[in-house]
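Worksheet: one structure, shown below.
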Amino acid sequence: MEVAFVVITAILCSQNKWTDIKDFGEGNIDWLREYFPYKNGLPTRHNIAAIMRTVVPETLLDGMVGWVNLHRERHAQPIISVDGKVLKGAKANKQDNPLYMVSAFDVDEGLTLHINPVKAKEWS
């Protein structure tokens, strides 16, 4: 879990190479230790890569969603759903630049919090 945590947080901070992920972890080890002990520090970049190759992506996603929901429930935070849609009929009519909309929705309150138009490339 320690390795998965450092990888996920590093990727969220735009680090996408094993060396960058390792450097990110070393530079943020005090913050990382607020969540996991990292008693032996961080593994080498090669070991980080080897460990991550053994992870089934769906399992990691399930674990991440579970962790986020546990955190959300502990702090009484709402469930926010994010969804994207293309303008109805745009694909059927083969429009070159159809309108895509991304929305954020508070599930508990039944409220749409934000709707934003985006380019297709930004959404996919």
Side-chain angles (χ1 to χ4, degrees):
M1 287 305 299
E2 290 179 350
V3 172
F5 184 69
V6 74
V7 169
I8 291 168
T9 54
I11 289 171
L12 289 172
C13 294
S14 301
Q15 307 305 310
N16 58 9
K17 296 178 183 164
W18 298 121
T19 304
D20 296 339
I21 291 169
K22 168 77 171 164
D23 292 345
F24 171 87
E26 288 174 344
N28 292 286
I29 193 69
D30 292 334
W31 178 79
L32 292 169
R33 285 185 171 138
E34 291 178 25
Y35 300 94
F36 292 99
Y38 293 92
K39 279 194 278 185
N40 298 313
L42 293 167
T44 67
R45 65 184 172 91
H46 297 292
N47 286 339
I48 291 172
I51 291 166
M52 292 308 294
R53 278 193 293 272
T54 67
V55 175
V56 176
E58 292 79 13
T59 304
L60 183 60
L61 181 60
D62 289 345
M64 193 169 121
V65 168
W67 179 79
V68 167
N69 279 328
L70 180 64
H71 179 77
R72 182 190 57 74
E73 289 168 4
R74 282 185 184 160
H75 299 284
Q77 297 295 313
I79 296 172
I80 307 296
S81 295
V82 178
D83 189 27
K85 301 280 186 220
V86 65
L87 184 66
K88 185 174 181 171
K91 285 187 176 180
N93 294 328
K94 297 182 180 174
Q95 292 181 0
D96 290 335
N97 296 310
L99 178 62
Y100 285 82
M101 301 296 284
V102 176
S103 62
F105 183 77
D106 182 329
V107 174
D108 295 334
E109 297 297 324
L111 295 172
T112 299
L113 303 173
H114 188 72
I115 299 175
N116 195 46
V118 296
K119 296 178 183 175
K121 207 177 232 185
E122 293 172 351
W123 174 247
S124 51

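No hydrogens, no waters, no symmetry mates; every other heavy atom, side chains included, goes into these values. No experiment lies behind these values; they were computed from the predicted model shown. Counting begins at 1 with the first residue of the sequence.
- Shown here are the side chain to side chain contact (heavy atoms under 4.5 Å, CB included) partners of His46, two or more places apart in sequence or in another chain: Thr44.
- Residues satisfying the side chain to side chain contact (heavy atoms under 4.5 Å, CB included) test with Asn28, not counting sequence neighbours, are Phe24.
- Listed by chain and residue number, Leu70 satisfy the side chain to side chain contact (heavy atoms under 4.5 Å, CB included) test with Arg74 (two or more places apart in sequence, or in another chain).
- No continuous path of hydrophobic side-chain contacts links Val107 to Val82 [ILVMFWY only; heavy atoms under 4.5 Å].
- For the residue pair Trp18 and Arg45, the shortest heavy atom distance occurs at O-CB, 3.8 Å.
- Considering OH of Tyr100 and NZ of Lys85, their distance stands at 12.0 Å, rounded to 0.5 Å.
- Partners of Ile80 under the side chain to side chain contact (heavy atoms under 4.5 Å, CB included) rule, at least two apart in sequence or in another chain, are Pro78, Ala104, Asp106, Leu113.
- The ring-ring contact (aromatic ring centres under 6.0 Å, His included) search around His114 returns none, not counting sequence neighbours.
- Nearest heavy-atom pair across Ile115 and Ser103 is CG1-CB, 3.9 Å.
- When the ring-ring contact (aromatic ring centres under 6.0 Å, His included) test is applied to Tyr35, the partners found at least two apart in sequence or on another chain are Phe5, Trp31.
- Residues in residues 26-44 take part in these salt bridge (charged side-chain N to carboxylate O under 4.0 Å, His left out) pairs, two or more places apart or across chains: Lys22-Glu26.
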Distance-only check: which donor-acceptor pairs under 3.5 Å involve side-chain atoms of residues 54-65, not counting sequence neighbours?
| unit_1 | atom_1 | unit_2 | atom_2 | d |
| --- | --- | --- | --- | --- |
| Thr54 | OG1 | Ile51 | O | 2.6 |

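- Atoms CG and CD1, from Asn16 and Ile11 in turn, are 8.0 Å apart once rounded to the nearest 0.5 Å.
- Here the shortest heavy-atom pairing between Val6 and Tyr38 reads N-OH, 3.6 Å.
- Clustering ILVMFWY residues whenever any of their side-chain heavy atoms sit less than 4.5 angstrom apart, transitively, puts Ile79 in a cluster other than the one holding Leu111.
- No single ILVMFWY cluster, assembled from side-chain heavy atoms under 4.5 Å apart, contains both Phe105 and Val118.
- Side-chain contact between Val3 and Met52 is present, with heavy atoms from C-beta onward closer than 4.5 Å.
- Here the straight-line distance linking atom CE of Met101 with atom CG of Asp83 works out to 11.5 Å at 0.5 Å rounding.
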